[in-house]
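Notes follow once the structure below has been shown.
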Amino acid sequence: MAYTRERLGEVLVRAGAISEEQLLGALDTQHAEGGKIGQVLVRTGIIDEDGIARALADQKSLEFVSLTSFPISREAASQIPERLARRSLIIPIDYRDDSIVLAMADPLDVEAIDDVHLRSGLPVIPVVSTPAQILYAIEKFITAADAFEGLQIDLAEREDEGVVLVGDEDVPIVRLVNQMIREAVIDEASDIHIEPGARSVRVRFRVDGVLQEVMHLPTSARPGLISRLKVMAEMDIAERRRPQDGRIGLVVNDRAVDMRVATLPTPYGENIVIRILNHEAQQQTLADLGMDDAHRQMMERFLSRSYGEILVSGPTGSGKSTTLYAALLHLNQPTRKIITIEDPIEFQVPGVTQMAVNPAIGLSFAHLLRTVLRSDPDIVMVGEIRDPETAQIATRAALTGHLVLSSIHTNDAPSALTRLSDMEVAPFIASSALIGVVAQRLVRRLCPSCKVKTRLTKAQIADRGFRAEEVAGMTFYGPGEKGCDDCHGTGFRGRTGVFEVMAMDDELERLFLAESPSEAIRAAALSAGMKTLRQDALEKVAAGVTSLDEVARVVM
């Protein structure tokens with residue numbers, strides 16, 4: 001290919017991606033507002049980044065590469081500094097035939113190609129990608145690599161000192177921690193796991209409920225890494241033998257992010273788990289949760305009651321808080337006083353009075369709940385029922401004219417009744433107060449852009465824990481082999497809930513008062529028409545929303 005400096009607008013017109021009139025209008029806008037012509041075209045909605053990239057690739061007979069699914073070589077990416085990559089919107093992604101493959105937003109940028117050729121000493125093979133994908137790759141493969149390289153150099157220099165400073169923002173360990181958090185937020189991870197081992201420190205992100213390994217750090221980085229995180233979370237850095245909890249509040253890429261930090265002592269040092277809460281994430285309504293029509297109508301009937309107790313159950317990370325917030329949005333009206341007690345406050349809800357527990361100064365769920373009930377609320381949300389005192393106060397509040405919403409840790413809906421008994425709530429009180437229980441799990445959604453039909457034999461179905469008659473006549477779908485741009489190469493995009501909704505009735509009250517086992521309560525609920533988590537999940541498999549493997553992983 002012979003490189004000549006052409007104008008982007010002319011190339012797009014020649015490719016048929018935009019018209020002459022659209023280009024002239026964009027040039028007028030550029031003259032008035034400034035900016036590059038490509039940015040103006042995207043900003044004004046004439047064409048999107050993907051359209052520009054594909055038109056350029058086609059017109060210049062170049063390959064278009066999706067960086068979200070391309071296996072980028074870290075060695076190749078390290079050939080140029082971050083400053084150059086961001087300025088020219090380029091990143092080397094691979095080696096091919098003794099040449100270096102360079103992803104470019106603007107393949108007409110001859111100077112950038114020459115710069116990479118001089119730095120690498122290799123011929124350059126340009127390919128085209130979008131600016132957003134290139135910036136994402138720069139953040140993941142160059143910014144992180146620079147921080148890691150700086151850390152290794154710093155550790156080598158401080159080897160004799162046996163200590164790494166943690167207060168200065170220019171210290172490599174500080175830059176590495178900042179980059180780790182920034183990368184987790186970009187990847188929309190819910191948790192960061194930092195796990196010291198005998199030979200290295202493993203870092204993993206939980207994305208859509210599944211852990212993904214992102215890096216290994218040298219064991220020499222462990223003391224500085226843990227100390228830095230403890231300082232940020234306002235923990236005792238001298239205490240290494242006992243578990244600790246802390247919180248970090250940051251603004252990452254202009255987004256307010258709150259993090260809960262927990263440490264656990266292990267033989268190789270302290271294990272740290274960071275739960276990431278994005279205050280600015282989109283709050284979901286009941287219609288967004290993934291409930292079918294019958295479940296949603298039952299939930300709306302529960303919420304229409306003026307008093308009583310509604311419980312949402314499931315293990316940690318099953319989406320209970322999201323369901324409670326969706327219920328709050330449904331209930332939030334100017335005529336109602338709503339007060340919440342949370343640990344921590346995950347979303348700000350306009351019009352709702354929200355309080356956070358603080359055990360350090362005696363503000364437990366039980367203490368705050370007593371105070372809240374003196375403030376004339378119509379509706380009270382208790383983030384979690386953890387102890388007998390909270391359970392008893394919440395249940396009694398539901399009998400005194402308040403609608404109480406809360407979460408509880410049980411595996412299914414019927415077990416919530418047994419759990420209340422275990423917490424010393426008198427059955428005659430709980431049976432009168434309880435309106436219903438919603439048990440739930442989260443399964444990953446198959447990416448609608450790249451999901452594919454799959455065939456499963458009877459043996460394969462049995463291996464996944466299902467009976468052939470349960471799935472008779474179903475068409476199965478699975479993730480595409482390599483994924484696509486929409487799902488960042490994973491085959492899945494987002495998660496949806498699977499639900500088990502149990503409404504209290506006379507028979508369930510009778511069994512509860514008789515202190516019957518959860519199996520008997522479950523049988524009665526099924527006789528009354530309750531759909532199990534397993535049944536709801538299989539309906540989502542049949543609808544092509546998720547895969548049988550995903551249901552086996554989460555629901556079984």
Side-chain angles (χ1 to χ4, degrees), residues 208-210 284-303 310-315 317-320 322-323 326-327 330 410-416 436-458 460-480 487 490-503 521-556:
D208 284 340
V210 178
Q284 296 184 328
T285 65
L286 290 176
D288 299 326
L289 297 176
M291 289 182 175
D292 62 21
D293 290 342
H295 280 160
R296 190 173 68 255
Q297 288 167 10
M298 288 179 70
M299 187 67 174
E300 289 173 352
R301 283 201 301 273
F302 292 170
L303 297 172
I310 303 168
L311 296 178
V312 181
S313 74
S318 60
K320 300 187 297 296
T322 303
T323 298
H330 181 82
T410 61
N411 287 328
D412 56 21
S415 298
V437 182
V438 179
Q440 68 179 79
R441 299 290 190 278
L442 290 176
V443 295
R444 290 182 295 172
R445 287 179 174 271
L446 289 167
C447 175
S449 301
C450 65
K451 68 180 181 182
V452 294
K453 289 184 179 180
T454 60
R455 296 180 62 86
L456 295 175
T457 65
K458 288 185 178 181
Q460 289 172 325
I461 291 170
D463 287 343
R464 288 159 173 79
F466 297 94
R467 302 186 306 276
E469 55 268 26
E470 281 186 290
V471 296
M474 283 189 188
T475 300
F476 300 114
Y477 291 86
C487 62
T490 64
F492 295 92
R493 194 173 72 186
R495 290 189 288 178
T496 189
V498 293
F499 299 91
E500 181 177 280
V501 183
M502 183 182 77
I521 295 173
R522 183 175 184 79
L526 290 172
S527 297
M530 183 184 77
K531 186 193 304 179
T532 66
L533 285 165
R534 185 183 178 105
Q535 290 169 334
D536 190 44
L538 287 176
E539 287 184 5
K540 288 180 169 62
V541 171
V545 173
T546 190
S547 68
L548 198 64
D549 284 332
E550 184 68 6
V551 170
R553 181 183 70 85
V554 175
V555 180
M556 296 295 291

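Atom-to-atom distance recorded for I461:CD1 and F476:CZ is 4.0 Å, nearest 0.5 angstrom. Taking OG1 from T496 and CZ from R441, the interatomic distance works out to 14.5 Å, rounded to the nearest 0.5 Å. Rounding to the nearest 0.5 Å gives a distance of 11.5 Å between CD of Q440 and NE2 of H295. Here the CD atom belonging to E469 is positioned 9.0 Å from the NZ atom belonging to K458, to the nearest 0.5 angstrom. One finds the CG atom of L526 at 12.0 Å from the CD1 atom of I521 (value rounded to the nearest 0.5 Å). Here L446 contributes atom CG and F492 contributes atom CZ; the two are 5.0 Å apart, rounded to the nearest 0.5 Å.
Taking every heavy atom of both residues into account, P479 and T490 meet most closely at CB-O, 4.2 Å. Heavy atoms only, all atoms of each residue included: R495 and G209 are closest at NH1-CA, 3.4 Å. Nearest heavy atom pair, residue E300 against residue H330, reads CG-CE1, 3.9 Å. Residue A503 comes nearest to M298 through the heavy atom pair CB-CE, 4.0 Å, listed as atom of the first residue, atom of the second, then distance. A327 approaches M299 most closely through the heavy-atom pair CB-CE, 4.3 Å. Of all heavy-atom pairs spanning F499 and T323, the tightest one is CE2-OG1, 4.2 Å.
More than 12 non-hydrogen atoms from other residues, nucleotides or ligands lie less than 6.0 angstrom from CG of D292.
Remark: side-chain polar atoms of K320 are paired, donor with acceptor, to backbone N or O of P315 under 3.5 angstrom. Under the 3.5 Å distance criterion, the side-chain polar atoms of Q535 are matched with a main-chain donor or acceptor of T532.
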>> The test is side chain to side chain contact (heavy atoms under 4.5 Å, CB included); show your working for L442 and V554 and say whether it passes.
In response: CA-CA 7 Å; L442 290 176; V554 175; 5.8 Å; no
> side chain to side chain contact (heavy atoms under 4.5 Å, CB included) between L548 and Q460: does it pass, once the steps are laid out?
Replying inline: CA-CA 10 Å; L548 198 64; Q460 289 172 325; over 6 Å; no
>> Checking K540 against D536 for the salt bridge (charged side-chain N to carboxylate O under 4.0 Å, His left out) test, could you report, in this order, the C-alpha distance in whole Å, the side-chain angles of both residues, the deciding distance, and whether it holds?
In response: CA-CA 7 Å; K540 288 180 169 62; D536 190 44; 3.2 Å; yes
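Counting only heavy atoms from C-beta outward, the side chains of S547 and R444 never approach each other to under 4.5 Å.
Test N411, D412, T410 against S313 for side-chain hydrogen bond (donor to acceptor under 3.5 Å, both in side chains) and you get one pass: T410.
Of the charged side-chain nitrogens involved, at least one lies within less than 4.0 Å of a carboxylate oxygen, so that E500 and R522 count as a salt-bridged pair.
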